[in-house]
A.B. asks: 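To start, I am sharing the structure in question, which I have written as structure tokens.
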Amino acid sequence: MLRLVVLVSGGGTNLQAIMDAIDAGRITNAGIVSVISNNPKAYALERAKAKGIPQQCISPKDYENREAFHEALLQAVTDAKPDLIVLAGFLVVIPEKMVAAFRGKIINIHPSLIPSFCGEGYYGLKVHEAALARGVKVTGATVHIVDEGTDTGPILMQKAVEVQEGDTPEILQRRVMEQAEWVILPEAINRIANRE
Ligand code: GAR
């Protein structure tokens, strides 16, 4: 069984999609062993709790500096003995030390078709605001392997989603989640778990 450690910061709908896919048998040979948030108020922690999955918060506010926070995060992740680390709406830049320690074993879901609307400053709703401001007719989501850059690692899966007349960032975000993120993130995990 592939040991998944899921890192979250917010609502946790992608975490929910992974848990649902495991329950439904759309992800096999994998289980979530730990959920870690940087944000104590993340609803994702409640979702993990409700499922009886071990969860904890490592908040930068509880550490003297960024380095101490990074050390604590790396320690918590390492302690969970992950085979795969899934960034499911984790809005902290992954420390280089962690990338090196788990090279090729960290994946991220990003709410656009990389290389559009990605990199520093493009996260959450901001991605969809930028897509609407540019007037693109198609957007989507990407699952990629995490390297030292921001959204620069090898692409594993992508799915396109149409922008519709009258979309607000919130409406577009929801459509991208429903039609793309919640589909390709579980599928990518299942492929890795089954070496496809
Ligand atoms: C998702 O849309 C995810 O793609 C995005 O944050 C949201 C988290 O939602 N991630 C990024 O923007 C990473 N750069 P969730 O907490 O409901 O899964």
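Values reported hereafter were calculated over all heavy atoms of this structure, with side chains retained and with hydrogens, waters and symmetry mates removed. Start at 1 and go down the list; that is how both ligands and their atoms are numbered.
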A.B. asks: Does this structure show an ion pair linking Glu178 with Arg174, if we count only N-O contacts that are shorter than 4.0 Å?
C.D. replies: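 The answer is yes: the pair qualifies as a salt bridge.
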A.B. asks: Out of Gln16, Met177, Glu181, Gln173, indicate the one that has the non-hydrogen atom closest to atom 3 (C) of ligand 1.
C.D. replies: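 Nearest option to atom 3 (C) of ligand 1, by heavy atoms: Glu181.
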A.B. asks: For Asp151, is at least one N or O under 3.5 Å away from an N or O on ligand 1?
C.D. replies: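 N/O-N/O distance below 3.5 Å does not exist for this pair.
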A.B. asks: Within the 3.5 Å criterion, strictly below it, is a donor on Gln158 or Thr142 matched to an acceptor on the partner's side chain?
C.D. replies: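 Yes.
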A.B. asks: Find all atoms of ligand 1 within a distance of less than 4.0 Å from any non-hydrogen atom belonging to Gly11, and give their numbers and elements.
C.D. replies: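 Selected atoms, number and element: 16 (O), 17 (O).
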A.B. asks: Which residues pass the side chain to side chain contact (heavy atoms under 4.5 Å, CB included) test with Gln75, sequence neighbours left out?
C.D. replies: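 Once residues adjacent in sequence are excluded, the partners of Gln75 under the side chain to side chain contact (heavy atoms under 4.5 Å, CB included) criterion are Asp79.
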A.B. asks: Does an N or O anywhere in Gly12 fall below 3.5 Å from an N or O of ligand 1?
C.D. replies: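 N/O-N/O distance under 3.5 Å: yes.
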A.B. asks: More than 12 heavy atoms of other residues, nucleotides or ligands under 6.0 Å from NZ of Lys105: is that the case?
C.D. replies: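 It does not: Lys105 NZ has 12 such atoms or fewer within range.
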A.B. asks: What I want to know is whether His110 and ligand 1 share at least one N or O pair that is separated by under 3.5 angstrom.
C.D. replies: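 Right, the criterion is met.
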A.B. asks: Could you work out, with side chain to side chain contact (heavy atoms under 4.5 Å, CB included) as the rule, every residue matching Thr78, not counting sequence neighbours?
C.D. replies: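 Listed in chain order: Leu74, Phe102.
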A.B. asks: Check Asp147 with Arg103, please: is the shortest side-chain N to carboxylate O separation under 4.0 Å?
C.D. replies: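 No, Arg103 and Asp147 are not salt-bridged.
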A.B. asks: Within the 4.0 Å heavy-atom shell around Ile109, which atoms of ligand 1 are there?
C.D. replies: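 Result: 4 (O), 10 (N), 13 (C).
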A.B. asks: Would you say ligand 1 has an N or O under 3.5 Å from any N or O of Gly124?
C.D. replies: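 Yes, at least one N or O pair falls under 3.5 Å.
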A.B. asks: Looking at every non-hydrogen atom in both residues, tell me the closest pair between Leu113 and Lys159 and how far apart they are.
C.D. replies: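 That closest heavy-atom pairing would be CD2-O, 3.6 Å.
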A.B. asks: Is the shortest N/O to N/O distance between Asn14 and ligand 1 below 3.5 Å?
C.D. replies: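 Yes.
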A.B. asks: Could you tell me whether ligand 1 has any atom less than 4.0 Å away from a heavy atom of Val8?
C.D. replies: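 The answer is no, since Val8 has no heavy atom less than 4.0 Å from ligand 1.
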A.B. asks: Show the atoms of ligand 1 that are less than 4.0 angstrom away from any heavy atom in Tyr123.
C.D. replies: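 Result: 12 (O), 14 (N).
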A.B. asks: Of the protein's non-hydrogen atoms, which lies at the shortest distance from atom 11 (C) of ligand 1, and what is that distance?
C.D. replies: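 Result: Pro111 CD, 3.6 Å.
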A.B. asks: Applying a strict 4.0 Å limit to heavy atoms, is Tyr122 in contact with ligand 1?
C.D. replies: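 A heavy atom of Tyr122 does come that close to ligand 1.
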A.B. asks: Assigning hydrophobic clusters by single linkage (Ile, Leu, Val, Met, Phe, Trp, Tyr; side-chain heavy-atom cutoff under 4.5 Å), is Val8 placed with Met98?
C.D. replies: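 No, it is not one cluster - the side chains of Val8 and Met98 are not joined through contacts under 4.5 Å.
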A.B. asks: Who's the nearest protein heavy-atom neighbour of atom 6 (O) of ligand 1, and how far?
C.D. replies: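 The protein heavy atom lying closest is Gly89 CA, 3.8 Å.
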A.B. asks: With no hydrogens and no angle check, just 3.5 Å: does a side-chain donor-acceptor pair link Ser59 and Asn39?
C.D. replies: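 No pair is found: no donor N or O on one side chain lies under 3.5 Å from an acceptor on the other.
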